[in-house]
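One structure is given below, encoded as structure tokens.
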Amino acid sequence: MPITIRDVRTILTQPAGSRLVVVKVITSEPGLYGLGCATFTQRFHAVHAAIERHLKPFVVGRDVSRIEELFRMAMVHGYWRNGPVLNNAISGIDMALWDIKGKVAGMPVYQLLGGKCREGAAVYAHADGRDPREVVDNVRRFLAQGYRYVRVQMGGYGGKSDTMVRPDEAPAGAYYDPREYARRILGMLEYVRAELGDSVELLHDVHERLQPIDAVQFAKSVEHFGLFFLEDILAPEDLDWFARIREQCCTPLAMGELFNNPREWQPLVVARLIDFVRMHISQMGGITPARDVTLMANAFGIRTAWHGPGDVSPVGHAANLHLDLWAPNFGVQEWCRFPELVYEMFPGTPQVRNGYMYASDQPGLGIDIDEDLAARYPCSDEVEQWTQTRLPDGTPVRP
Ligand code: MG
């Protein structure tokens with residue numbers, strides 16, 4: 001008798017800023033369940049409905065061992081496919097099935113993928129600051145804790161300016177000036193390198209804030225700072241511009257947290273226009289497609305750097321980690337440093353020591369959830385402000 005899916009539960013919780021969506025797949029075997037991340041923090045109600053109303057009736061009663069088949073079928077079952085709401089919902093199920101398979105086998109998920117290539121995954125932390133000096137102070141703090149990779153930003157994603165002139169009666173919003181952003185970041189990187197030399201690997205996230213031609217110039221201007229990578233220099237809408245950047249410089253490029261389907265990386269990977277594939281694994285549909293894209297990238301000498309901020313649940317971070325420990329072409333892992341409450345709510349949340357992230361050797365993803373505690377931190381329905389971004393004249397733009 002195969003073990004089957006008996007029930008699916010969607011858990012919404014907000015222990016530390018981001019609204020998290022976690023899926024619990026309960027099986028016909030008493031006490032056997034799996035967890036998956038389905039976090040789309042800005043549209044969590046939509047993911048919740050997609051799971052409860054559409055996916056649950058579709059998966060209940062199916063054999064838990066057939067992950068590959070279930071993933072493929074779930075992707076096409078709605079006919080219209082490949083959007084962030086449904087992909088996240090499918091990821092919740094997909095990751096939970098990998099977790100279950102590991103528990104049944106008595107092995108951590110990295111073993112199911114092929115076993116470890118490394119004992120710990122090198123992580124990078126986020127240093128911010130209002131000015132370059134504050135950024136340097138924060139980088140130093142991370143170095144003292146053993147981090148060797150640090151992402152440096154200034155004023156969040158940057159470009160906010162006190163001297164910005166807005167038109168009369170400009171509406172409220174998160175304003176930024178793209179060219180001012182570029183100038184300030186160049187100054188900051190100059191200062192950070194002058195203060196810290198080559199004692200640290202630096203990363204920076206442009207967050208698609210530049211016009212394509214300014215992006216080409218920016219990538220070229222930062223080349224001599226020797227970044228480990230420059231992230232999201234272009235928007236997914238402007239992929240053709242990557243070739244222009246490659247013609248001009250060899251700044252390493254990371255791309256892809258906004259992509260939905262593994263095939264969306266294909267043109268960038270095949271033409272070797274980027275250096276790191278950087279997906280938000282739940283946004284893509286879970287561990288199954290992440291495994292596919294890892295191997296595709298590996299064949300072209302491109303490394304992985306999964307998206308790992310606070311709007312990935314600890315279950316999603318655990319999935320990132322198992323892929324990191326296995327992948328022959330692992331690059332670096334983004335890490336958001338959860339507060340103590342999250343460790344209490346999600347026992348088994350990955351631990352970081354001396355700049356490396358470690359997995360427990362528990363079977364499956366090695367992570368659990370205290371549902372009673374999660375219920376005490378319900379998600380707020382507040383309308384997101386930081387994504388209401390505008391240029392100085394008020395034009396709405398990408399955050
Ligand atoms: Mg990013």
Side-chain angles (χ1 to χ4, degrees), residues 5 7-14 18-26 34-64 66-101 235-237 255-266 277-294 296 306-309 311-313 315-320 323 365 379 381 384 387 398-399:
I5 299 176
D7 196 11
V8 175
R9 213 148 59 214
T10 314
I11 303 158
L12 305 178
T13 184
Q14 190 175 7
S18 296
R19 293 165 296 200
L20 306 177
V21 185
V22 172
V23 172
K24 188 169 191 173
V25 171
I26 298 156
L35 296 177
C37 179
T39 301
F40 179 178
T41 198
Q42 291 88 351
R43 293 292 182 266
F44 63 98
H45 284 305
V47 177
H48 181 249
I51 296 165
E52 292 293 324
R53 306 296 295 274
H54 295 296
L55 271 180
K56 189 197 288 193
F58 168 74
V59 300
V60 164
R62 290 178 191 262
D63 180 347
V64 297
R66 303 177 65 144
I67 303 177
E68 194 74 40
E69 186 207 20
L70 224 162
F71 171 78
R72 307 283 154 200
M73 193 59 90
M75 274 285 170
V76 297
H77 182 248
Y79 181 60
W80 275 281
R81 55 190 175 265
N82 196 26
V85 172
L86 271 174
N87 282 7
N88 268 290
I90 291 168
S91 164
I93 307 285
D94 178 81
M95 285 185 193
L97 292 181
W98 280 94
D99 190 21
I100 290 166
K101 194 180 272 300
E237 295 85 347
M255 178 68 189
E257 71 193 44
L258 283 153
F259 290 171
N260 295 309
N261 187 289
R263 298 288 176 90
E264 287 169 350
W265 279 269
Q266 195 169 309
V277 285
R278 184 173 161 63
M279 61 286 286
H280 186 107
I281 285 175
S282 66
Q283 164 89 4
M284 216 179 16
I287 292 173
T288 302
R291 176 204 57 190
D292 293 353
V293 94
T294 300
M296 173 171 78
W306 313 133
H307 195 227
D311 61 357
V312 170
S313 77
V315 177
H317 282 276
N320 284 345
L323 288 157
L365 291 172
C379 293
D381 277 319
E384 203 88 49
T387 46
R398 299 180 293 259

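To the nearest 0.5 Å, atoms CE (Met279) and CG (Asn260) are separated by 11.5 Å. For the atom pair CD1 of Ile67 and CD1 of Ile93, the computed distance is 12.0 Å after rounding to the nearest 0.5 Å. Between the CG atom of Asp94 and the CD atom of Glu68 there is a distance of 9.0 Å, given to the nearest 0.5 Å. In this structure, Arg81 CZ and Asn261 CG are separated by 9.0 Å, a value rounded to the nearest 0.5 Å. Summarising the geometry, atom CG belonging to Leu97 is positioned 11.5 Å from atom CG belonging to Leu35; distances are rounded to the nearest 0.5 Å. Residue Arg291 holds its CZ atom at 9.0 Å from CZ of Phe71, rounded to the nearest 0.5 Å.
Using a 4.5 Å cut-off on side-chain heavy atoms (C-beta onward), Asp7 and Lys56 make contact. Looking at heavy atoms from C-beta onward, Trp306 lies in side-chain contact with Thr294 at the 4.5 angstrom threshold. Here the side chains of Lys101 and Val64 are not in contact, with every heavy-atom distance at 4.5 Å or above. The shortest distance between side-chain heavy atoms of Val312 and Thr39 does not fall below 4.5 Å. Arg9 is not listed as a side-chain neighbour of Ile51, based on a closest heavy-atom distance of 4.5 Å or more. In this structure the side chain of Glu384 reaches within 4.5 angstrom of the side chain of Arg19, judged on heavy atoms. Contact annotation: the side chain of Ile5 never approaches that of Phe58 to less than 4.5 Å [non-hydrogen atoms, C-beta and beyond]. Using a 4.5 Å heavy-atom threshold, the side chains of Asn82 and Phe259 count as separate.
In this structure, the side chain to side chain contact (heavy atoms under 4.5 Å, CB included) partners of Met296, at least two apart in sequence or on a different chain, are Trp265, Gln266, Val269, Val293.
Here the shortest heavy-atom pairing between Ile90 and Leu55 reads N-CD1, 3.6 Å. Nearest heavy-atom pair, Phe44 versus Cys379, reported as atom, atom and distance to 0.1 Å: CE1-CB, 3.6 Å. The shortest non-hydrogen separation linking Ala50 to Leu86 is CB-CD2, 4.3 Å. A pairwise comparison of heavy atoms in Val47 and Ala38 identifies CG1-O, 3.5 Å as the closest pair. Scanning all heavy atoms of the two residues, the minimum distance from Asp311 to His307 falls at OD1-CE1, 4.0 Å. Taking all atoms of both residues into account, the shortest heavy-atom contact from Gly308 to Asn320 is CA-ND2, 4.2 Å.
Remark: Arg398 CZ is packed, more than 12 non-hydrogen atoms of other residues, nucleotides or ligands lying under 6.0 Å away. The number of heavy-atom neighbours closer than 6.0 Å to CZ of Arg43, taken from other residues, nucleotides and ligands shown, is 12 or below. Annotation for Arg72: atom CZ counts as buried by contact number, over 12 foreign heavy atoms lying within 6.0 Å.
Of the possible donor and acceptor atoms, none in the side chain of Glu52 sits under 3.5 Å from a partner among the backbone N and O of His48. Judged by distance alone, with hydrogens and angles left aside, the side-chain atoms of Asn87 form a donor-acceptor pair with the main-chain N or O of Gln283 at under 3.5 Å.
With hydrogens and angles left out, the side-chain atoms of Ser282 and Asn88 include a donor and acceptor closer than 3.5 Å.
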